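Below you'll find the structure I mean.
Please read these numbers as outputs of a predicted model, since none were measured by experiment. Atom set for the values below is all heavy atoms of this structure, side chains included, hydrogens, waters and symmetry mates excluded.
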Amino acid sequence: MPDPTILLTGASGVVGSAILECLPSDSVVALTHYRPVAVPAVRGNITRPRLGLSAAEYQNLTTRIDVVIHCAAAVNHTTNRRYLHNVNVCGVEQLLRFAADADARLVHVGTAFVARAGGGTPFDAYAESKAAGETLIRESGVPASIAQLSTVIGDSRTGRIARLQALHYLLGFALSGQLPFLPCEPGTHIDVIPQDIAAAALIALAYAHDTTGTFWITAGDAALPMTRIIDLGSELVAARARTDARTKDFDPTVFRTRLVDPAVCATVMNAVLNRAAPEAEPSVMVRAAQLMTAFNGAETFPTSLGEIPGGPAALTLEMLERALEPTLRYLLDLPEATWTRAS
């Protein structure tokens, strides 16, 4: 059977751009909104009828597409609920209509964090909008694979990524010595997935003609302890310091991030916030604490890696450590202003 022709949404994003790097340009059409991409593309809008295309463009596209990989989403958890619903629910509805009109299968990029929604975390609205979109898919009758994707890090070989994500900023602040404390319960593990492995899993789902259902694109039991992630970062910082004559006598452990009990950290931060100006932007510490609510005390995600036909193998702790190191190096190589602007 010939390779399918794929319609890819979110092609300029973290996951979409990683997918484009792995696909022949003649087998994919990108549905773009603002940013141009280096493959055949049509400009549209996933929240509009006919995907924002003219009737002729839409009809032509339905005759060409065999599989839709839907990566486009609103992922900023601080975005208002209306916008999250418009993109993550109404957008799914329009893609389902297109898939039905094209007699195409759908590979939908969801989030593993739907399993952690409802706990009063800052991510609840985002996860709930993604869950609502998934409900539409399951009730639609369109043959679909739902990929519950974990936190994406950079390429496992280069560390490169199209856009920094929340975890990248947390790690960057830690590596640059701007995060003295991090609220972290003992035994907390951080589930991450390198972008190239995520892309390989999603492409395998697109090529698996008879495969439908829910798949967890996660590290699973290979999720790394937060203590080990901090250790890896500290080891890299120390190694860099030893090679620089200006810092060879510097003790990097002075600025090492300390993991502390979340309750203690909350007490300290509340005391500080009560003295801050009401209009002040959330500090690095506050944003790090908000991110950690999605990980602290959470159960390990299941994983489908190793079970997807033609897809990547399941990760091990050793594999994930090796894959994380290039991301840490990539963050260390970024200009210092990256973290100054974001703080």
- Message: Does E57 form a salt bridge (charged side-chain N to carboxylate O under 4.0 Å, His left out) with R50? I'd like the steps, not just the answer.
- Response: CA-CA 9 Å; E57 287 176 314; R50 295 196 308 266; over 6 Å; no
- Message: Treating T188 as the side-chain partner and C184 as the backbone partner, does any N or O pair qualify as donor plus acceptor under 3.5 Å?
- Response: no
- Pairs satisfying side chain to side chain donor-acceptor pair (under 3.5 Å), at least one member in residues 104-116, at least two apart: none
- Please determine, by modelled atom types, if D101 and T62 share a side-chain donor-acceptor pair under 3.5 angstrom. no
- Query: When you look at R256 and D231, which way does the salt bridge (charged side-chain N to carboxylate O under 4.0 Å, His left out) test go after all the steps?
  - Reply: CA-CA 9 Å; R256 176 190 170 94; D231 285 344; 2.4 Å; yes
- Is the shortest distance from a Lys or Arg side-chain nitrogen in R240 or D333 to a carboxylate oxygen in the other one below 4.0 Å? yes
- Item | Straight-line distance of S17 OG to R163 CZ, nearest 0.5 Å | 8.0 Å
- Can you list the other members of the hydrophobic cluster that holds Y83, where links are side-chain heavy atoms under 4.5 angstrom apart? L7, V29, L31, V42, I46, L51, L53, Y58, L61, I65, V68, V87, V89, V92, L95, L96, F98, L106, L136, I137, V142, I146
- Query: Can you name the closest pair of heavy atoms from C71 and V15 and give their distance?
  - Reply: SG-CG1, 4.0 Å
- Message: Enumerate the side chain to side chain donor-acceptor pair (under 3.5 Å) contacts for residues 141-151, please, sequence neighbours excluded, ordered by first and then second residue.
- Response: E134-Q148, S150-D191
- Contacts satisfying side chain to side chain donor-acceptor pair (under 3.5 Å) that involve residues 5-15 (not counting sequence neighbours) are T9-H70
- Query: Which heavy-atom pair separates I230 from T257 by the least distance, and what is that distance?
  - Reply: CG2-O, 3.7 Å
- ring-ring contact (aromatic ring centres under 6.0 Å, His included) filter on Y330, not counting sequence neighbours, yields none
- Message: Using a 4.5 Å cut-off between side-chain heavy atoms of Ile, Leu, Val, Met, Phe, Trp and Tyr, which other residues end up in the same hydrophobic cluster as Y34?
- Response: none
- Using distance alone, with no hydrogens and no angle criterion, decide if S27 and D3 have a side-chain donor and acceptor under 3.5 Å apart. no
- Message: Quick test of your reading of the model: are E21 and R160 salt-bridged, counting only N-O distances below 4.0 Å?
- Response: yes
- Message: Taking R157 first and then E325, would you say they form a salt bridge - that is, a charged N and a carboxylate O separated by under 4.0 Å?
- Response: no
- Counting only heavy atoms not in D210, do more than 12 sit closer than 6.0 Å to its CG atom? no
- Message: Given 3.5 Å as the limit, does a donor-acceptor pair link the side chain of T316 with the main chain of M319, or not?
- Response: yes
